[in-house]
Amino acid sequence: QVQLVESGGGLVRPGGSLRLSCASSGSIFSINDMGWYRQAPGKERELVALTTSGGSTKYSDSVKGRFTISRDNTKNSVYLQMNSLKPEDTAVYYCNAVYTIVVVEAGRTNFDTTDAWGQGTLVTVSS
C-alpha cells in the first residue's frame, strides 16, 4: 500500500520561512504528479503548487514568487519551501501524489494509476 506523510509545519512569524516535506512509501511503479494543497478554516481545499514527472511546475497566484516546490525522485519525496509567509497562508497543508502501481493476476500484468493524500501538517503564521 502507498502512504504519504507530511512534516515541517509549525508556528512562524509573518515574513518567516518554513520547509514542508512529504515522503511516500509503498510499492510504487512510478509517480506522476505530486503537489501541495491547503485548506484554511472555513474554506475549500485549494491547490498551492504542483510538479509533474517531467519537472514542470504550477503555482497558485497567491504564492507565486514566495513558494517553491521541488521533488527528489530517488526518495519519492516532494518539498515546499515557503518564504515571506503571510497570515493568510495559515492552513493545513496536504501532500498529494498521482502514482502507478502494478497488479499481476493470473499471469496478466495491469497498470493502475490512482492518487493518495497525506494526513496534513498545520502551518500557522501569526504575530
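Below, each value reflects all heavy atoms present in this structure, side chains not excepted, and no hydrogens, waters or symmetry copies.
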**Asked** Would Y94 and W36 satisfy side-chain contact (heavy atoms from CB on, under 4.5 Å), going step by step from the backbone distance to the final call?
**Response** CA-CA 6 Å; Y94 298 90; W36 288 96; over 6 Å; no

**Request:** Take atom CD of E88 as the centre, draw a 6.0 Å sphere, and report whether it contains more than 12 heavy atoms from other residues, nucleotides or ligands.
**Result:** yes

**Item:** Reported SG-to-CE distance for the pair C95 and M34, which is rounded to 0.5 angstrom
**Value:** 4.5 Å

**Request:** Show your working on side-chain contact (heavy atoms from CB on, under 4.5 Å) between N110 and V102 and close with a plain yes or no.
**Result:** CA-CA 6 Å; N110 296 290; V102 179; over 6 Å; no

**Prompt:** Any side-chain heavy atom of T52 sitting closer than 4.5 Å to one from N32?
**Reply:** no

**Request:** Quick one: closest heavy-atom pair of L47 and A49, and the distance?
**Result:** CD1-O, 3.5 Å

**Request:** Give the minimum heavy-atom separation between V2 and A116, together with the two atoms involved.
**Result:** CG1-CB, 4.5 Å

**Message:** So, taking the atom named OG in S126 and the one named CZ in R13, what distance separates them when rounded to the nearest 0.5 Å?
**Reply:** 6.5 Å

**Minimum heavy-atom distance between I31 and A97, given as atom pair plus value** = CG2-CB, 4.5 Å

**Asked** Within the distance-only criterion (no hydrogens, no angle test), does the side chain of S77 pair as donor or acceptor with the backbone N or O of K75 below 3.5 angstrom?
**Response** yes

**Prompt:** Hey, does the side chain of R66 reach the backbone of S84 with a donor-acceptor pair shorter than 3.5 angstrom?
**Reply:** yes

**Asked** Is it true that the side chains of T113 and T100 contain a donor and an acceptor less than 3.5 Å apart?
**Response** yes

**Prompt:** Quick one: do the S17 and N83 side chains pair a donor with an acceptor below 3.5 Å?
**Reply:** yes

**Message:** Heavy-atom count check: over 12 atoms from other residues, nucleotides or ligands less than 6.0 Å from Q119 CD?
**Reply:** no

**Asked** Once the angle between the rings of Y93 and F67 is folded into 0 to 90°, is it parallel (under 30°), tilted (30 to 60°) or perpendicular (over 60°)?
**Response** tilted

**K58 NZ to T51 OG1 distance, which is reported to the nearest 0.5 Å** = 12.5 Å

**Request:** Taking the side chain as every heavy atom from C-beta outward, state whether P87 and P14 have any pair of such atoms under 4.5 Å apart.
**Result:** yes

**Prompt:** Can you name the closest pair of heavy atoms from S70 and V78 and give their distance?
**Reply:** O-CG2, 3.2 Å

**Item:** Derivation of the side-chain contact (heavy atoms from CB on, under 4.5 Å) call for T114 and V98
**Value:** CA-CA 6 Å; T114 186; V98 177; over 6 Å; no

**Asked** Ignoring hydrogens and geometry, is there a side-chain-to-backbone donor-acceptor pair from E6 to T121 under 3.5 Å?
**Response** no

**Prompt:** About how many Å separate CG of L50 and OH of Y37, when rounded to the nearest 0.5 Å?
**Reply:** 6.0 Å

**Message:** Set out, in order, the CA-CA distance, both residues' side-chain angles and the distance that settles salt bridge (Lys or Arg N to Asp or Glu O under 4.0 Å) for D61 and K64, then state yes or no.
**Reply:** CA-CA 5 Å; D61 288 340; K64 285 182 179 178; 3.1 Å; yes

**Message:** Does M82 form a side-chain contact (heavy atoms from CB on, under 4.5 Å) with D89? I'd like the steps, not just the answer.
**Reply:** CA-CA 10 Å; M82 305 184 294; D89 293 319; over 6 Å; no

**Request:** Examine F111 and I28 and state if one hydrophobic cluster contains both, with Ile, Leu, Val, Met, Phe, Trp and Tyr joined whenever side-chain heavy atoms are less than 4.5 Å apart.
**Result:** no

**Message:** Whether R19 engages the ring of Y79 as a cation-pi pair (distance to the six-membered ring centre under 6.0 angstrom, angle to the ring normal within 45°) should be assessed.
**Reply:** yes

**Asked** Does V48 belong to the same Ile/Leu/Val/Met/Phe/Trp/Tyr cluster as Y59, with side-chain heavy atoms less than 4.5 Å apart forming each link?
**Response** yes

**Asked** Shortest non-hydrogen contact from S24 to L4?
**Response** CB-CD2, 3.3 Å

**Asked** What distance do D115 atom CG and Y99 atom OH have between them, rounded to the nearest 0.5 Å?
**Response** 7.5 Å

**Complete:** Heavy atoms of L85 and V12 approach each other most closely as CD1-CG1, 3.5 Å

**Approximate separation, where rounding is to 0.5 Å, of K43 NZ and R38 CZ** = 8.0 Å

**Request:** Report yes if the side chains of Q3 and W117 come closer than 4.5 Å at any heavy-atom pair, otherwise no.
**Result:** no

